[in-house]
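One-based numbering, in listed order, for ligands and for the atoms of each.
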Amino acid sequence: MRASPCRSLSLPGSEVLMTKKRKVSGATPPPDSCAVEPQAFSVDAVRQLFPVFQREPNTIFFDNAATTQKPQTVIDVVSEFLAYECSNSARAAYARSTKLSARLEETRARVARFIGATPETVCFTSGATESLNLVALSWGLANLKSGDEIMLCLQDHKSTVLPWLNLQSTLKQFGIEINIVPIRLHHEGDYELKSIREALSDRTRLIAVSHVHHLFGLDMEIGEIRKIVGRKVLISLDASQSIGHRPVNVRRLNVDFLSFSGHKMFSSNGVGVLYVRKSLLGQLKPVIVGGGMTRAPGSEFSVSPQSAATLLEAGTQNIPAILSLGAALDFIESIGGLGVVDRRLSALTRSLYSKLKTLPGIDFSPGVDRCGCHRGFGIVSFRFEHVSTSDLAFLLESEDILVRTGDHCLTTVQDGDDYVRVSMHVYTSEAEIDRLIEVLRSNI
Ligand SMILES: Cc1ncc(COP(=O)(O)O)c(C=O)c1O
């Protein structure tokens, strides 16, 4: 019997499955709250806040795992900056620039609070991909030695996997041979903890994992992974698909690095975040250097490890995008906060899954269908036996329903891996789900 709220159906399958005790990392709402929509929440009212839904009321955007739509408040912050507030930050002494620097630091402090961190551990990047690369390059390049091992899952997003493969080949050119040790996904769609136990050695230095899988939509058991790898192995967590969906707290998750993009949580494109555990700052080497940085005293070049920003932010930042991240946080608060978003996404996922299940011939990917989970994080992937997923995507687009198909940014795409991914967010309506089901039912 599984004790967790996420796993209560008994599925036929492996022993691993039967013995697994699943805990949801981050905040775990009580089981009953998963499927209950808060009374006060009005999807119509939320949709009013997004210009795109006013102009294109009939377009159904089901590709929210790729990027979210933007509320007017986020758009306003970007255009106000470009129209009236334009200056550079941390460069000049005039008031417009100094005020801007203060706003950027306020935004940093807010983002830090949002993930349970302190401002000096947070730096702004261009997105999750840059953040994940920075972990490999600023920590990995400076600290790894021949024989050291990095654990990762080849079925994760390319941005989680490729930085380490790239680092491996870069280090090789300098005579340093590190090993990439793959871990497996369980057939349900989350990491097979047994494979992490088996892969662990006294040379394991870091495990790179994602919080919620971008195709299978399952919560990965980060707390369990920490228990397995212990304190000495660093955890680099890709929170691209959990941020803005549910509480993500670096202390509770006990991770060393955390990466995410703003554009997947309502902000403008071009901003991301990298959190670095404070005690690791001294181990990082800057990767990109230039304006805005302070050279540390001494004959050899180094940069003060005072904060993640002093080490890793160089040159002019994407200021409007960073400011828009603050507006995105305001937006989430204004609709009731992450608890509301989390419950709504869970309810939508359960609803979509139960309606899809009624379609003849549907074949679900690993994920909600296989894990017996009572929760969901907005992602359901599926296909039909006799219809190609690309044909299905064309058909859906002709009905104004936008979904994701293709390689899904996986490094290991095998035949038959292609699924239609439907990913929702807080503004998704039941009517949109019903429309999808109707179109699928009449065309498959
Ligand atoms: C799990 C995961 N990691 C990383 C990324 C990369 O994000 P970005 O393209 O914003 O850098 C994505 C984007 O789809 C993702 O889903």
Does the side chain of Asp238 come under 3.5 Å of the side chain of Ser259 through a donor N or O and an acceptor N or O?
-> no
If you have a sec, work out which protein heavy atom is nearest atom 12 (C) of ligand 1 and how many Å separate them, to one decimal?
-> His157 NE2, 3.3 Å
Test of proximity, Thr129 against ligand 1: N or O pairs below 3.5 Å = yes
Between Glu130 and ligand 1, which residue portion shows a heavy-atom distance shorter than 4.0 Å: side chain, backbone, both, or neither?
-> neither
Any heavy atom of Lys264 under 4.0 Å from ligand 1? The part involved is side chain
Determine whether the side chains of Ser351 and Glu430 contain a donor N or O and an acceptor N or O closer than 3.5 Å.
-> yes
Who's the nearest protein heavy-atom neighbour of atom 16 (O) of ligand 1, and how far?
-> Gln241 NE2, 2.7 Å
Which option, Thr160, Val212, Asp238, Thr125, owns the non-hydrogen atom nearest atom 2 (C) of ligand 1?
-> Asp238
Taking only non-hydrogen atoms of Ser261 and a 4.0 Å limit, the atoms of ligand 1 in range are 7 (O), 8 (P), 10 (O), 11 (O)
Min heavy-atom dist His263 to ligand 1 below 4.0 Å | yes
For ligand 1, which atoms have a heavy atom of Ala128 less than 4.0 angstrom away?
-> 7 (O), 11 (O)
Residues Val209, Ile183; criterion side-chain contact (heavy atoms from CB on, under 4.5 Å); working and verdict | CA-CA 10 Å; Val209 281; Ile183 60 168; 4.3 Å; yes
Is a salt bridge present between Arg110 and Glu105, judged by a nitrogen-to-oxygen distance below 4.0 Å?
-> no
Polar side chain donor-acceptor pair, Ser89 to Gln317, under 3.5 angstrom = no
Can you find a side-chain donor-acceptor pair between Asp256 and Tyr275 that sits under 3.5 Å?
-> no
With ring centroids as reference points, do Tyr419 and Phe382 lie under 6.0 angstrom apart?
-> no
